[in-house]
Amino acid sequence: MGVLGNRVFSGAYRARFRTHHKIRLSLTIASVVLWHAGLSQANDRFPDGRLPPIDAPAAAYGDDVRHGSDGHPNADDLAGIAERERQAGRPGLALQLAQRVLDDAPDNPQAIRTRISSLANLGAYQRAETLTRQQRPDFSASVEARLRADSSVSRVRNAVQEQARHERRQRYAGRDRALEASLARLNANLERFPAQSQAYRRTRFDRLVVLRQLRRFDAMIADYEALAAQGIEVPAYALAPVADAYLARRRPAHAEALYRRVLEADPQAPLAVRTGYYYALIESEDYEVAAKVLAELDANTPIWRSRLNPKTPPVPNWERSEVDRLRVLDASYRNHEAQALTRAQRLYRQAPRNTDVINGLATAQRARGWYEEAQATAELAAAYAPSDRATRLGIAENAQDLENFPRWQHTIEPLAAQFPTDSAIRRNHREWRDRQHFSLEGQGNVGRSDGGNAVNGSRDSEYQLRLNSPWSEGGYRVYIEQTYQWSDYEEGAERYDRQGVGVERQWLRRHWWAALSGERFSDDIGLELGWSQWLDDRWQYQLRTQTQSPETPLRAERDDLDGRLYQGQLTWRQNESREATLTLGALDISDGNLRSDVAADLTQRIQASAHHQTQLIGSLSAEHNSQTDTDYYNPQDTRTAGLTLEHDWLTWRRYNHSLTQNVSLGAASEWESGYGSAPGYDALYGHTWQLTRTWSINYGIGWGSREYEGEREKRWYGQLGFEGVL
C-alpha cells in the first residue's frame, strides 16, 4: 500500500497544536479476475457448467456438432462453440474446450485465438501475450490492441505488488522501478493504439493508476481533467486514485465528490476508498459527516475474516487494524488527546511489536506534551524497523520537540532527500529550515482609562519588537529588540524607551539568554540574564534577573529611579489540559522600596472539540511594598483571587490558513491595604489569523474595571501582535 502522507492540523489557540495522521491508500487494479466455474450464466448446451467427457461423441456437444473424419467431434465446430462460450461470459469453459480442440488439431486458428482471448479474460495476461508472440494468430487490430492493453494491466498489477514488497521491507530506493517500466509501456501503447479505440481509452485510465502510485499528482489531475473535458467517463477503479491526487494537492472538496461517486457505484469499495473519503471530509472541516463514516467503518469491519471451513484457525482482518488506528487519529483531530492515548495504548497491548501501532502511540504521547515518553516509544519502533519511513519521521519530530537539534537535522535531511514528495516529511523539513532564517515578532496595545489615574493614566500605549537572527548549529542566535511604554498622567506624560541586543541558546529543553539594553543603546545600560529548563515532561523552572527592569513604574522612571528584578518560576504540566505555575519575584527600586510578590495559577481545560476549546484559569497573587511614601502607586499590600474563562473558536481553516476567535472573561476579588476589597472585571474579544505556515497575526479589543486607592478605573484597550519567519 502506498502512503500518501500526513496532514498537519493547527490547533485553536495561536495555531500551535500539531498532530499527525497517516493516510493508507491501496490501488484498485484495472481488471477484476473472477473464477467463472459455478458462477456462469445458465447454459443450455452445458447446463451443469461442465464439458462432456473427453472421449464423448459429437452429439454430446449438441445437435449442431458434426463428426470429424478421425472419429472425434469436428474441430471447427467445437472451436466455434468455444468462442461463443467466451463471448457469453464463460471464459473458463471456453478455455477448456479450446484446449481440447488444440489437442487434436494444434493448428486450428479459431481455437488458438479463443485460448489466447480466454486467458486474457481470466487475467492471465502475460501468458496470453507469450502465446500471441509464439503462435502469431490472425487477430484483428482491435483484438491485438486489447490483448496488449490487457498485458499492460498485468504488468501494472505486478509492479504495484513489487512496490508494496519494497515498502514492507523498507527498500525504498528501488520501489518504483517496476512502476516506471509499466508507465513507459503504457506511454508506448498510447502512441501505438488508435486514438478512438477502446484499448487507447483503457490505457489512459490505467495510466492514472500508475501515476497515482508514483505520486505524480499534478500530471494525474491534468490527465483526468483532460478526459473530463472530452466527456469521457472515468471508471471507478481509476476514479479513486484521482480522488487521492486531489486530496494530496489540498483540494478536499473535489476529492470528497469523487470518493462519493466511487462509493455510490460500489458500496463495497476497498477500505482505502472509504478512509480516503473520511480524510476528505476531515480536511473539508466536515467533522460531523466524518464521524458517521468512521462509525460505519468501525461497525462494519470485523476483527476476523470469514471462514468457509469453521475447523480452520481464524484469520485476522488487517483492515480492522487500519480502522483502529484511524480511531486514534480521529480522537486527536477532535482535540480529545486523552481518548486518543487510551486507544493507542489499547492497540499497543494487543500488538506490541507492530511498528505502525508503536508510532501511533508515540504520536499520542507527543500530543499530550510527554516528549520524553514519546522518545522512548519511538526508540522501540526504531529497534524493530530502523529504516521505516514513519519511524524515522517520528524520531525527527521527537528530536524537534526535545530540542535535540543535531539529531533532528541528521534525521530529517536524509528523509527529505529520500522522500521529496511526502507531505509530512516536507513540512517537518521546512520547519527545520525555518531555523536558518531571520524571524520577526511584535506585540503592542493602546488604552484609554476613565475614573482614575493611579496606574495607567488617562491614555497609555506600549509595544515590543524583536528581530531574531538564524539559529546556529550549536543552538545559538542573537537578537535586537525595542521596548516602549507611554502613559499620560495628570502631572504629564511619562515614557520608557529602550533598545537592546542579546544572545540566547536553546538546546535539550534548556534555554539561557543574556541581553544589554539602554536608551539609544548608550544611556542607563541594563543587563538581563535568564535560565529555563525542563527537568522532565512535567516540571520546568525559570530564573530571571534584570537591571533597569521595565517592571519599574513609569512615575519612578520620571524620578530617575531604576529597579532590579529577581524572579523565579516553577511550572508543573500534567498534560495538555492541566498546568499550574508558581512565581516568586522581587523588584528592588533604587529609592529603597522592595516590592515582593507571589503568584500562583492553575489552568484547566474544561471542554475541547475539533473547533472549540475552553479553559478555566484560577489565580491567586499577593504583593508587598516595604515603603509606601512614594510618588508612584505603591500600596503596602494587595491581594487578588480571580477566575478567568477563555474560549477559542476555530472558525475557519484551510490547511496553513485559519481564523480563530478568542474570548476571555475574568472576575476577581481584589484587596488593597487601607481601602479594603473590591471586585475587578476583565473582558477581551479578538481574532488570531494564521496567514501562512510561518506568519500569524492577532488583534483584539478589551475592557477592564478595578479600583485603585478607592477609585474605580475603567479602561478600554486594543491590542495587535504578529510573528513570522523572514
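Everything numeric here is computed off the predicted structure, so don't read it as measured data. These numbers come from the heavy atoms of this one structure, side chains and all, not from hydrogens, waters or symmetry mates.
Here the closest heavy-atom approach between residue L529 and residue A514 is recorded as CD2-CB, 3.6 Å. The two residues A424 and L393 make their nearest non-hydrogen contact at CB-CD2, 3.7 Å. Closest approach of S664 to T644, counting heavy atoms only: OG-CG2, 3.4 Å. Minimum interatomic distance between T391 and A381 (heavy atoms only, all atoms of both residues): CG2-C, 3.7 Å. What you find for A556 and T552 is that their closest heavy atoms are CB-CG2, 3.9 Å. In this structure, V725 and H437 approach most closely via the heavy-atom pair CG1-CB, 3.5 Å.
Of the N and O atoms on the side chains of T688 and N662, at least one donor lies less than 3.5 Å from an acceptor on the other residue. Judged by distance alone, the side chains of Q607 and T614 do bring a donor and an acceptor atom under 3.5 Å apart. A donor-acceptor contact closer than 3.5 angstrom is absent between the side chains of H647 and Q615. Donor-acceptor pairing under 3.5 Å is lacking for the side chains of R459 and S487. Side-chain polar atoms of T583 and Q569 form a donor-acceptor pair below 3.5 angstrom. N634 and T628 share no donor-acceptor pair across their side chains, judged by distance under 3.5 Å alone. Of the N and O atoms on the side chains of Q661 and T651, at least one donor lies less than 3.5 Å from an acceptor on the other residue. D497 and Q499 form a side-chain donor-acceptor contact under 3.5 Å, judged by distance and modelled atom types alone. A donor atom on one side chain and an acceptor atom on the other are found under 3.5 Å apart for Y632 and D591. For the residue pair E623 / S596, no side-chain donor-acceptor distance below 3.5 Å is found, with atom types taken as modelled. For the 3.5 Å distance criterion, the side chains of W531 and Y541 qualify, holding a donor opposite an acceptor. Remark: the D330 side chain and the Y278 side chain contain an N/O donor-acceptor pair separated by less than 3.5 Å. No donor-acceptor contact under 3.5 angstrom links the side chains of D648 and T660, judged on distance only. Checked by atom type, the side-chain pair N428/Q400 shows a donor-acceptor distance below 3.5 Å.
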Under the side-chain hydrogen bond (donor to acceptor under 3.5 Å, both in side chains) rule, what do T545 and Q567 come out as? Steps first, then yes or no, please. CA-CA 6 Å; T545 184; Q567 189 179 80; over 6 Å; no
Check the pair Y708, Y633 against ring-ring contact (aromatic ring centres under 6.0 Å, His included), reporting the backbone distance first and the verdict last. CA-CA 9 Å; Y708 301 109; Y633 175 71; 5.4 Å; yes
I would like to know whether R639 and E670 meet salt bridge (charged side-chain N to carboxylate O under 4.0 Å, His left out); could you show each step before the answer? CA-CA 6 Å; R639 308 281 190 273; E670 302 173 342; over 6 Å; no
Steps toward side-chain contact (heavy atoms from CB on, under 4.5 Å) verdict (Y717, N456): CA-CA 11 Å; Y717 63 94; N456 297 307; over 6 Å; no
Salt bridge (charged side-chain N to carboxylate O under 4.0 Å, His left out) between D286 and K292, intermediate numbers included: CA-CA 11 Å; D286 194 346; K292 295 178 181 178; over 6 Å; no
What do the steps show when you test L554 against Y496 for side-chain contact (heavy atoms from CB on, under 4.5 Å), and what is the final call? CA-CA 7 Å; L554 281 179; Y496 176 90; 3.5 Å; yes
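A salt bridge does not link R448 to E713: none of the charged nitrogens lies less than 4.0 Å from a carboxylate oxygen. Contact check on E403 versus R435 returns no salt bridge, with no Lys/Arg side-chain nitrogen under 4.0 Å from an Asp/Glu carboxylate oxygen. Residues R605 and E337 are paired through a salt bridge, judged by an N-O separation under 4.0 Å between the basic side chain and the carboxylate. With salt bridges taken as basic N to acidic carboxylate O contacts below 4.0 Å, none links R595 and D597. A salt bridge does not link D536 to R538: none of the charged side-chain nitrogens sits closer than 4.0 Å to a carboxylate oxygen. Contact check on R366 versus E397 returns a salt bridge, with a Lys/Arg side-chain nitrogen under 4.0 Å from an Asp/Glu carboxylate oxygen. Using a cutoff of 4.0 Å between basic side-chain nitrogens and carboxylate oxygens, R706 and D682 are scored as salt-bridged. Taking a cutoff of 4.0 Å between a charged side-chain nitrogen and a carboxylate oxygen, D298 and R327 qualify as a salt bridge. Under the 4.0 Å criterion applied to side-chain N and carboxylate O atoms, D559 and R555 are not assigned as salt-bridge partners. Between D434 and R693 there is a salt bridge, since at least one side-chain N of the basic residue sits less than 4.0 Å from a carboxylate O of the acidic one. For the pair R466 and E504, the salt-bridge criterion is met [side-chain N within less than 4.0 Å of a carboxylate O].
In this pair, W649 and H612 present their aromatic rings parallel. The plane angle is below 30°, not in the 30 to 60° band. Under the 30°/60° scheme for interplanar angles, the aromatic rings of W512 and Y476 are found to stand perpendicular.
Between the side chain of D537 and the main chain of Y371, a donor-acceptor pair closer than 3.5 Å is present. Side chain of N625 to main chain of Q627: no donor-acceptor pair is present (N/O by atom type, distance under 3.5 Å, no hydrogens or angles). Panel note: side chain S549, backbone Q546; no donor-acceptor pair is recorded below 3.5 Å. Panel note: side chain T640, backbone L620; no donor-acceptor pair is recorded below 3.5 Å. Between the side chain of H624 and the backbone N or O of Q636 there is at least one donor-acceptor pair closer than 3.5 Å. Between the S658 side chain and the R654 main chain, no donor and acceptor come within less than 3.5 Å of each other. Distance alone, capped at 3.5 Å, places no donor-acceptor pair between the R509 side chain and the L535 backbone. Remark: the backbone N or O of D524 is paired with a side-chain donor or acceptor of R498 at under 3.5 angstrom. Distance alone, capped at 3.5 Å, is enough to place a donor-acceptor pair between the N593 side chain and the S626 backbone.
For E709, there are no side-chain hydrogen bond (donor to acceptor under 3.5 Å, both in side chains) partners, not counting sequence neighbours.
We find the CG-CG distance between L684 and L665 to be 9.0 Å, quoted to the nearest 0.5 Å. Rounding to the nearest 0.5 Å gives a distance of 14.5 Å between CZ of R343 and CG of L361. Here the CG-CG distance, from N656 to L691, works out to 11.0 Å after rounding to the nearest 0.5 Å. Separating the CD1 atom in I358 from the OH atom in Y348 is a distance of 5.5 Å, to the nearest 0.5 Å. With rounding to the nearest 0.5 Å, the separation of OG in S461 from CZ in R495 is 11.5 Å. Interatomic distance, CG of D460 versus CD of E494, reported as 13.5 Å (0.5 Å rounding).
Annotation: W408 is in aromatic contact with W432 [ring centroid separation under 6.0 Å].
Pairs of residues two or more places apart, or lying in two chains, that qualify as ring pair (Phe, Tyr, Trp, His ring centres under 6.0 Å) and include a residue from residues 665-688 are Y685-H687, H687-Y699.
For R564, the CZ atom sits in a loose shell: 12 or fewer heavy atoms of surrounding residues, nucleotides or ligands are nearer than 6.0 Å.
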